[in-house]
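So the structure is just underneath, and the comments pick up after that.
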There are 2 protein chains.
Amino acid sequence: MKAEAQALKGHLEVLLLAALEDGPRHGYAVKEALRDGSGGRFDLPTGTIYPALHRLEEAGLITGSWSTVDGRRRRTYHLTAQGLRRLHADRSNWHGFAAAVTALLERKPWPATT
Amino acid sequence: MKAEAQALKGHLEVLLLAALEDGPRHGYAVKEALRDGSGGRFDLPTGTIYPALHRLEEAGLITGSWSTVDGRRRRTYHLTAQGLRRLHADRSNWHGFAAAVTALLERKPWPATT
DNA sequence: CGGCGATAGATAGGAAACATAGCTATAGAC
DNA sequence: GTCTATAGCTATGTTTCCTATCTATCGCCG
């Protein structure tokens with residue numbers, strides 16, 4: 001349950017959306033998918049996951065519905081059309097962001113000092 | 001002076017350190033280097049840059065010294081040995097982070113739902 | 001039976017970092 | 001004389017994530 005990353009700041013939501021892209025999942029399953037899909041790197045506490053899902057739902061990017069499986073309540077989320085559009089936009093934005101950071105980190109020499 | 005990215009959260013410091021890697025710079029020059037080196041993507045306000053540099057200095061990762069050029073005060077920063085080590089560590093960490101996020105964003109199908 | 005770990009959900013409170021907005025000051029252009 | 005670019009600073013606000021704690025069920029182990 002240790003979180004390697006406050007570095008996720010600002011990039012968590014796109015990961016949650018991506019986790020819901022190929023089908024609905026309940027919150028706990030999203031948490032596991034993130035952990036397993038990242039080789040354990042993004043093993044986020046539920047105190048991070050659930051509020052983030054609530055934000056996404058409130059923003060209309062996902063919708064949730066309750067069900068009960070084996071006596072346990074589940075809230076299963078799926079992407080809305082708006083959420084899908086946002087995922088596409090954010091994914092493309094991520095690539096631009098990552099490319100820019102990587103370029104700056106590799107850069108030598110940097111633009112000249114005034 | 002508009003900042004495209006709150007997404008920088010957690011990744012600004014490594015960029016500042018990288019900007020100082022091939023020689024000392026003053027704060028305003030760091031800001032310009034970041035803007036120009038990213039094609040305008042990271043055009044950060046001074047209210048972001050200066051406090052970040054102060055944090056780095058207080059952490060012992062950079063040191064600054066005052067000078068006066070053309071009647072304007074400048075504080076020129078350079079990397080400490082500790083800052084250089086941190087840069088190396090953070091840079092390598094960035095590559096891992098970026099690879100993990102990218103992999104998750106491309107991933108389909110995701111690890112199975114329980 | 002009793003306790004514990006995994007599953008499933010939630011919230012309250014705090015900390016960190018970036019943005020907004022405002023301030024001082026000089027040099028040079030218009 | 002005013003405006004822009006250069007050069008620096010900080011107080012306040014917001015967002016976002018983490019820590020800690022809580023409820024509850026199920027299955028396993030002793």
Side-chain angles (χ1 to χ4, degrees), chain A residues 1-16 24-36 41-59 64-77 90 97 101 111-114, chain B residues 1-17 24-36 41-59 61 64-77 90 97 101 111-114:
Chain A
M1 202 67 91
K2 68 111 201 302
E4 98 116 58
Q6 68 286 53
L8 264 191
K9 292 249 175 140
H11 305 290
L12 174 61
E13 298 194 353
V14 66
L15 292 180
L16 297 179
R25 268 169 211 274
H26 57 101
Y28 198 83
V30 168
K31 170 182 148 51
E32 286 185 309
L34 235 51
R35 183 195 58 207
D36 297 343
R41 186 171 188 121
F42 301 140
D43 189 6
L44 308 174
T46 64
T48 295
I49 299 284
Y50 291 122
L53 288 171
H54 297 336
R55 287 198 300 272
L56 291 175
E57 189 172 21
E58 201 177 356
S65 56
W66 286 105
S67 61
T68 300
V69 177
D70 292 329
R72 291 191 194 92
R73 326 180 295 149
R74 283 183 174 175
R75 188 154 181 86
T76 301
Y77 294 100
D90 284 0
F97 172 79
V101 173
T113 306
T114 316
Chain B
M1 204 64 95
K2 68 107 200 302
E4 100 116 60
Q6 70 287 48
L8 263 190
K9 292 247 174 144
H11 306 290
L12 174 61
E13 298 194 353
V14 66
L15 292 180
L16 297 179
L17 293 175
R25 270 170 210 274
H26 57 101
Y28 198 83
V30 168
K31 170 181 149 48
E32 287 185 309
L34 237 49
R35 183 194 59 206
D36 297 342
R41 186 172 190 121
F42 301 140
D43 189 6
L44 308 173
T46 64
T48 295
I49 299 284
Y50 291 121
L53 287 170
H54 297 337
R55 286 197 301 273
L56 291 175
E57 187 173 22
E58 200 176 359
L61 303 176
S65 56
W66 287 106
S67 60
T68 300
V69 177
D70 291 329
R72 290 192 195 91
R73 331 180 288 151
R74 282 183 175 175
R75 188 153 181 86
T76 300
Y77 295 99
D90 284 359
F97 173 79
V101 172
T113 306
T114 316

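Counting to the nearest Å, the P atom of C/dT24 and the CZ atom of B/Arg75 are 22 Å from each other. In this structure, B/Ile49 atom CD1 and C/dA17 atom P are separated by 15 Å, rounded to whole Å. Between B/Leu8 atom CG and D/dT16 atom P the separation is 15 Å, expressed in whole Å. Separating the CZ atom of A/Arg35 from the C1' atom of C/dA8 is a distance of 14 Å, rounded to the nearest angstrom. Rounded to an integer number of Å, the gap from CZ of A/Phe97 to C1' of C/dC18 is 12 Å. For the pair A/Asp70 CG and D/dC28 C1', the interatomic distance rounds to 15 Å; values are reported in whole Å. A straight line from CD of A/Glu58 to P of D/dT15 spans 11 Å, rounded to a whole angstrom. The separation between A/Lys31 atom NZ and C/dA10 atom C1' is 14 Å, rounded to whole Å.
Listed nucleotides D/dG8, D/dC17, D/dT6 differ in distance to B/His26; the shortest reach to its side chain belongs to D/dG8. Relative to the side chain of A/Arg55, the nucleotides C/dA10, C/dA8, D/dT16 differ in distance, and D/dT16 lies closest. In this structure, the nucleotide among C/dA8, C/dA19, C/dA10 sitting nearest to the side chain of A/Trp66 is C/dA10. For B/Lys9, whose side chain is taken as the heavy atoms from C-beta onward, the closest listed nucleotide among C/dG9, C/dA17, D/dG8 is C/dA17. The listed nucleotides are D/dC17, D/dG8, D/dA5; the one nearest the side chain of B/Arg72 is D/dA5. The side chain of B/Arg73 has D/dG8 as its nearest neighbour among D/dT10, C/dG9, D/dG8.
Residues B/Leu8 and B/Thr48 form no side-chain contact, since every pair of their non-hydrogen atoms from C-beta on lies 4.5 Å or further apart. Looking at heavy atoms from C-beta onward, B/Arg72 lies out of side-chain contact with B/His26 at the 4.5 angstrom threshold. Side chains of A/Ile49 and A/Tyr28 form no contact here, defined as non-hydrogen atoms less than 4.5 Å apart. For the pair A/Arg41 and B/Phe97, the minimum side-chain heavy-atom distance is below 4.5 Å. Contact check for A/Val30 versus A/Tyr77: no side-chain heavy atoms found under the 4.5 Å cut-off.
One finds a side-chain N or O of A/Tyr28 lying less than 4.0 angstrom from the OP1 or OP2 phosphate oxygen of C/dT7. Between D/dC17 and A/His11, no contact under 4.0 Å exists linking OP1 or OP2 to a side-chain N or O. Under 4.0 angstrom from either OP1 or OP2 of D/dC9 there lies no side-chain N or O belonging to B/Tyr50.
Counting atom types as modelled, A/Thr46 pairs a side-chain N or O with a base atom of C/dA10 as donor and acceptor under 3.5 Å.
Among the protein residues, B/Gly47 comes within range of the nucleic acid bases, having at least one heavy atom under 4.0 Å from a base atom.
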